[in-house]
Structure formats: structure tokens, C-alpha cells
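I have placed the structure first, in the form of C-alpha cells, so that the comments after it can refer back to it.
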Amino acid sequence: MGEKTWALSLFFIFACLSHVYGNVHSYDHQLRKLQAFTAEIVHRDSISPFPSPSPTRFSPSPSSPSVVTVTPSPKIYHVTSYGADPTGKLDSTQAILQAISDALEGPSNGFLMQGISNLGGAQINLEGGNYLISQPLQFPVVSRGNLMIHGGTLKASDDFPTDGYLLDLSTSSSNAPEFLFEFITLRDLLLDANFRGGGIQVINSVRTSIDNCYITHFTTNGIIAKGGHETYIRNSFLGQHITAGGDKAERNFSGTAINLMGNDNSVTDVVIFSAEIGIIVSGQANLLSGIHCYNKATGFGGTGIYLKLPGLTQTRIVDSYLDYTGIVAEDPVQLTISNTFFLGDAFVKLKSINGVVNGVNIVDNMFSGSNKGIDIIQLDQNNGPFKTIEQVVVDRNNVKGMNLKGTIGSGVVEGNGTSWTLDFNPILIFPNLIKHVQYTFFPSGNMFVNHALRNVSNNKVLVESNVQVPAKVFVMVDQGK
């Protein structure tokens with residue numbers, strides 16, 4: 001009960017009591033006291049520490065007291081309001097497509113990129129439901145941006161097209177703009193392709209975020225980003241089969257978890273637990289960081305990360321974990337692999353297409369194997385040898401149970417004679433290639449003899465002296481300068 005109401009009730013009680021007992025003098029006295037008390041309450045209420053909100057453009061004006069206050073509705077589209085079935089028993093395709101259509105055609109506020117309407121952060125809320133989808137959820141219009149789809153599970157039906165994607169940011173129009181969408185966010189989603197196609201397709205879009213998603217049972221690609229640029233894939237899990245390693249069917253894994261066919265994309269803190277290829281990159285200037293690949297093992301024909309842009313790689317792979325599955329790079333040009341852990345005889349393979357390798361740094365990594373004599377860096381020269389080898393540094397890697405290989409080597413040979421030969425083939429990557437040699441000649445005792453570097457060929461270094469002498473010869477070689 002409010003203070004005003006309580007005071008009026010008390011006033012009424014005193015009035016009744018005074019009437020019953022007929023004490024007029026007492027009644028007048030009590031009345032004056034109650035009036036003073038009520039005035040004090042009203043005064044305190046008028047200076048409440050919680051002032052009324054300031055008027056807005058939606059509040060009625062003093063001259064129009066009959067105007068009803070209007071509150072703008074938020075741009076959140078709940079798919080169940082369109083008839084989507086959150087139990088996953090009924091087909092929800094058309095209901096969700098209608099929610100997407102209404103969001104894309106909803107109110108906008110200016111533009112992002114030229115021609116791309118800013119939807120102001122509109123949200124399509126899946127409300128934690130599990131929805132059965134029978135055809136791709138392809139955005140019906142283009143040139144839209146600043147939209148989020150989040151919070152639920154989408155599962156492909158048994159008749160979902162095998163070449164489709166559950167969420168499809170593309171268009172079938174032949175007269176499409178350069179960029180279809182901008183700043184579309186897909187987050188907190190589980191996408192189950194039901195072995196009927198792929199998870200997410202992003203075509204010719206910019207600044208797309210795929211965050212905290214779990215994508216499984218794909219047969220083509222878990223995620224494909226083609227054209228456009230700046231698709232960011234973060235904090236997500238992808239696997240064709242749901243497993244935690246050691247799967248008996250691993251030899252049969254197929255598909256690709258992430259397919260980057262564009263530029264300037266980033267994949268960060270992502271786990272790929274089953275697929276034939278973890279990540280395939282055929283665009284420029286991509287960053288892969290914090291990736292854990294334990295998809296189909298290299299021994300079974302799988303690849304963790306495949307760089308398929310011969311002659312223009314421009315990719316950085318850092319702080320990652322290749323778990324029984326390695327990296328393949330075709331004609332790598334400008335490639336960095338660093339601070340990455342290779343487990344289970346996983347290695348890096350440089351594959352010759354046109355025989356070019358230039359600007360490659362493979363440094364500060366860890367390799368752990370099973371003492372089977374596997375080289376940490378391998379060459380595939382089935383299409384022809386590497387002929388252009390420039391600015392290649394493979395060094396400072398630590399190895400356990402595998403063969404250390406690099407572009408920089410050092411060694412020492414000791415003997416009594418006139419010639420000293422060091423063979424660097426067990427260490428160096430490229431055959432018959434030493435670009436720089438530095439040696440130090442240490443004869444025994446106080447002898448002073450003439451000596452010279454006499455030959456460098458087939459990755460062997462020959463140093464000779466003019467007289468027989470016991471000596472040690474230290475040699476450093478470099479293939480990359």
C-alpha cells in the first residue's frame with residue numbers, strides 16, 4: 001500500500017472513531033495532525049530520487065493528452081512466429097525463409113558499402129530450436145548488411161539436395177552486384193548436413209562472421225567462402241563424423257571442412273575433427289591461427305591443410321596443431337609456418353607444379369614422431385624439380401622421433417690428411433643446392449698451413465690443405481640465400 005493511500009485510510013479511521021464517541025474536540029485535533037502528516041508525505045513524494053523519464057518523441061504532448069505512447073518494436077524475427085517447428089519433426093524451411101525475407105526487406109538505416117543497405121543489426125532468432133530443412137536457406141535478395149542469424153540447430157532432411165548448403169549466402173541472379181552481402185553474422189549454430197551436402201556457403205561477400213558454430217555430417221564442404229574477402233571463422237568445430245579421434249572408419253572420411261577460395265580470410269581457434277581435407281586454401285593473404293586438425297591421417301591419405309594456389313600463396317599458419325595430418329603447399333610463394341606442433345609423424349610437403357618456391361619461412365615448430373625415419377620437410381617433384389628456389393628459410397625447428405631437415409646446416413669433420421669432406425644430404429632439403437658456405441680450419445699444434453674450399457657439389461663440401469696435417473674443419477652451409 002502506498003504512503004498516500006495509507007494516510008487517507010488512517011484519516012478515515014479517525015473520522016469513524018470520532019463519530020462513534022462524539023468527541024468533537026478530539027476529532028478536530030486529530031484532523032489537524034493527519035492533515036499535517038499527509039502534507040509531509042506528499043512533499044517527500046514530490047522530491048523522489050527516482051525522477052520520471054524525460055519525454056521522448058513517442059510521448060503524448062501536453063496539448064494532446066489522448067495520444068497513446070508508441071514503442072518501436074525491435075527488429076528481432078522469431079522463427080516460431082512464422083510457424084517453424086522447434087521440435088524438428090515438421091519441415092520448417094518455408095517458415096525460416098519467410099523470416100529471413102522479412103528481415104532482409106525490413107527497415108534500414110543508410111548504407112554500409114555502396115549499395116548495401118544497413119539493416120541496423122536485425123536478428124533472426126532460432127530460439128534454441130531444432131529445425132528440419134528440406135532445401136537451402138538461400139537469401140532471397142542481395143545488397144543487404146548488418147544482420148545476424150543465431151541460436152539453434154538446422155538439420156538437412158533426407159531429401160535435401162546433395163549439392164546444397166543449409167545456409168546459403170549466394171544468388172542465382174546473373175546480374176548481381178560485385179558484393180552480395182556485408183557484415184552478416186552466423187553464430188551459436190549447430191548445422192547437421194545429414195550427409196546431404198554442406199553447411200555454409202558464402203559467395204562474393206565481405207566481412208562475414210561465422211562464430212561458435214558446430215558443423216557436421218557434410219559430404220562436400222563444411223564451410224566454403226568463395227570470392228569477396230574477409231570471411232572470419234572463429235571458435236568453431238567441424239567434422240564429417242562425430243568422433244574424438246581413433247575412429248575405425250577414419251580411412252573412409254571424405255569432404256573438406258573449410259574451403260577458402262577468396263582473399264583476406266581468417267580462421268582462428270577452430271577444431272577440425274574429421275574430414276579428408278581439413279582446410280584447403282586457393283586464395284591469397286589468408287591467416288590460419290590456432291587450428292587443431294585431427295581429420296583423416298596422412299597415412300590414410302588425408303591432409304590437414306592444403307595450400308592450392310601455385311605461385312601466389314601468401315598464407316600464414318601460426319600457433320596451430322597438426323595431429324597425425326600434415327600440410328601440403330603447391331609452389332609456395334610467401335608462406336610462413338611457425339610455432340606449430342606436428343604430432344604423429346605429421347610433416348610439411350612442398351609440391352612442385354612449375355618448380356617455384358620463394359619467400360618461405362618454416363621456423364620455430366615442433367615435430368614429434370615414432371622413429372620411423374620420416375623427414376619433417378618433404379619434396380614432391382613428380383611434376384618436375386624445383387628450379388627457382390629463393391629466400392627459403394627452414395630452421396630452428398625441434399624434432400623428436402623424426403628426421404631433421406632444413407635449409408641451413410652445420411657440421412664438423414676431423415682427420416689427419418690433406419682433404420676434409422662433409423656431406424649435408426641428410427640435413428638439407430633441396431638436392432644439389434648450397435648457395436653459401438662458411439668454414440673454419442683448425443690445425444693441431446702451432447702449425448700454419450694453406451687451405452682452401454675446393455668443391456661444393458651434390459650438397460657436399462670439400463676443403464683441402466697444401467700439406468698433410470691433423471685438423472678439425474667446421475662448416476656452415478645455407479640453401480636459401
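Just so you know, these numbers use all the heavy atoms, side chains as well, and skip hydrogens, waters and symmetry mates.
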V142 and T171, any side-chain heavy atoms less than 4.5 Å apart | yes
Using the ring of each side chain (for Trp, its six-membered ring), is F181 parallel, tilted or perpendicular to F139, with breaks at 30° and 60°?
-> perpendicular
Can any side-chain N or O of N383 pair as donor or acceptor with the backbone N or O of S352 at less than 3.5 Å?
-> yes
For the pair H292 and D323, evaluate side chain to side chain donor-acceptor pair (under 3.5 Å) and give the outcome as yes or no after the intermediate values.
-> CA-CA 7 Å; H292 181 192; D323 192 345; 3.2 Å; yes
Looking just at side-chain N and O atoms, do N235 and N212 make a donor-acceptor pair shorter than 3.5 Å?
-> no
Between S289 and D319, is any side-chain donor less than 3.5 angstrom from a side-chain acceptor?
-> no
side-chain contact (heavy atoms from CB on, under 4.5 Å) between I427 and N425, worked out | CA-CA 5 Å; I427 299 174; N425 280 295; over 6 Å; no
Neighbour count >12 (heavy atoms, 6.0 Å) for atom CZ, F474 | yes
Taking atom types as modelled and ignoring hydrogens, do the side chains of S157 and D159 form a donor-acceptor contact shorter than 3.5 angstrom?
-> yes
Are F195 and H241 close enough, and set up right, to give a ring-ring contact (aromatic ring centres under 6.0 Å, His included), and what steps lead you there?
-> CA-CA 9 Å; F195 301 107; H241 298 266; 5.3 Å; yes
Determine whether the side chains of Q240 and H217 contain a donor N or O and an acceptor N or O closer than 3.5 Å.
-> no
Would T268 and S266 count as having a side-chain donor-acceptor pair, cut-off 3.5 Å?
-> yes
Before giving the answer on side chain to side chain donor-acceptor pair (under 3.5 Å), spell out for Q135 and T93 the whole-Å C-alpha distance, their side-chain angles and the decisive distance to 0.1 Å.
-> CA-CA 7 Å; Q135 69 184 68; T93 306; 5.6 Å; no
Applying salt bridge (Lys or Arg N to Asp or Glu O under 4.0 Å), which residue pairs with at least one partner in residues 304-317 are found, sequence neighbours left out?
-> K308-E330
Side chains of L238 and F273 in contact at under 4.5 Å (non-hydrogen atoms) | no
Verify the distance criterion only: is there a donor paired with an acceptor across the side chains of N194 and D158 at less than 3.5 Å?
-> yes
Do N403 and I376 come within less than 4.5 Å of each other through their side chains, counting heavy atoms only?
-> no
Can N339 and V318 be said to form a side-chain contact (heavy atoms from CB on, under 4.5 Å), step by step?
-> CA-CA 6 Å; N339 295 312; V318 297; 5.5 Å; no
Please tell me if the side chains of I279 and I291 come closer than 4.5 Å, counting only heavy atoms from C-beta onward.
-> yes
Report the C-alpha separation of I327 and F347 in whole Å, then their side-chain angles, then the decisive distance to 0.1 Å, and conclude whether the side-chain contact (heavy atoms from CB on, under 4.5 Å) test is met.
-> CA-CA 7 Å; I327 297 174; F347 56 85; over 6 Å; no
Would you say the side-chain atoms of N398 pair up with the backbone N or O of K400, donor to acceptor, closer than 3.5 Å?
-> no
Between atom CD1 of I124 and atom CD1 of I149, what is the distance when rounded to the nearest 0.5 Å?
-> 4.0 Å
Just by distance, with hydrogens left out, do T303 and E276 show a side-chain donor and acceptor under 3.5 Å apart?
-> no
In this structure, CD1 of I258 is separated from CD1 of I223 (nearest 0.5 Å) by 5.0 Å
Under the side chain to side chain donor-acceptor pair (under 3.5 Å) criterion, do D168 and S170 qualify, and how do the steps go?
-> CA-CA 6 Å; D168 191 352; S170 71; 2.6 Å; yes
Taking atom types as modelled, find out whether N109 and N118 have a side-chain donor-acceptor pair closer than 3.5 angstrom.
-> no
Heavy-atom neighbours of M113 CE exceed 12 at 6.0 Å = yes
Are E182 and R144 close enough for a salt bridge, meaning some N to O gap below 4.0 Å?
-> no
Answer yes or no: is there a side-chain heavy-atom contact under 4.5 Å between D478 and K435?
-> no
E230 side-chain N/O to T208 backbone N/O, donor-acceptor pair under 3.5 Å = no
For D345, the option from N371, I374, D375 that meets side-chain contact (heavy atoms from CB on, under 4.5 Å) = I374
Kindly indicate whether the side chain of T185, heavy atoms from C-beta on, has any atom under 4.5 Å from the side chain of F183.
-> yes
Spatial distance of atom OG1 (T340) from atom CG (L288) [nearest 0.5 Å] = 9.5 Å
Roughly how far, to the nearest 0.5 Å, is CG of L166 from CZ of F218?
-> 12.0 Å
Side-chain H-bond candidate by donor/acceptor type, S134 with D91, under 3.5 Å = yes
What is the ring orientation for F341 with Y321, classed by angle as parallel under 30°, tilted 30 to 60°, or perpendicular over 60°?
-> parallel
Answer yes or no: does atom OH of Y324 have more than 12 heavy-atom neighbours from other residues, nucleotides or ligands under 6.0 Å?
-> no
Do D85 and T87 have a side chain donor and acceptor closer than 3.5 Å?
-> yes
Exam field: side chain N286 to backbone G283, donor-acceptor pair closer than 3.5 Å = yes
Quick check: does any side chain N or O of Q479 sit under 3.5 Å from a backbone N or O of L428, one acting as donor and the other as acceptor?
-> no
Determine, for D364 against R396, whether the closest basic-nitrogen to carboxylate-oxygen distance falls under 4.0 angstrom.
-> yes
Evaluate the side-chain proximity of L379 to P431: yes if any heavy-atom separation is below 4.5 Å, no if none is.
-> yes
Check whether any side-chain heavy atom of T220 sits under 4.5 Å from a side-chain heavy atom of Y165, and report yes or no.
-> yes
Regarding E390 and N358, is there a side-chain donor-to-acceptor distance under 3.5 Å anywhere?
-> no
First locate atom CD1 of I100, then atom OH of Y82, and finally report the distance between them rounded to the nearest 0.5 Å.
-> 10.5 Å
Is there any salt bridge (Lys or Arg N to Asp or Glu O under 4.0 Å) pair reaching into residues 279-303, and which pairs are they, with sequence neighbours excluded?
-> none
Where do A257 and A275 come nearest, in terms of heavy atoms and distance?
-> N-CB, 4.0 Å
Looking at CG of L169 and CD of Q201, how far apart are the two atoms once the value is rounded to the nearest 0.5 Å?
-> 9.0 Å
Do we see a donor-acceptor contact under 3.5 Å between the side chains of D192 and Y214?
-> no
For V270 and F237, run side-chain contact (heavy atoms from CB on, under 4.5 Å): C-alpha distance rounded to whole Å, both residues' side-chain angles, the deciding distance at 0.1 Å, then the answer.
-> CA-CA 6 Å; V270 165; F237 305 87; over 6 Å; no
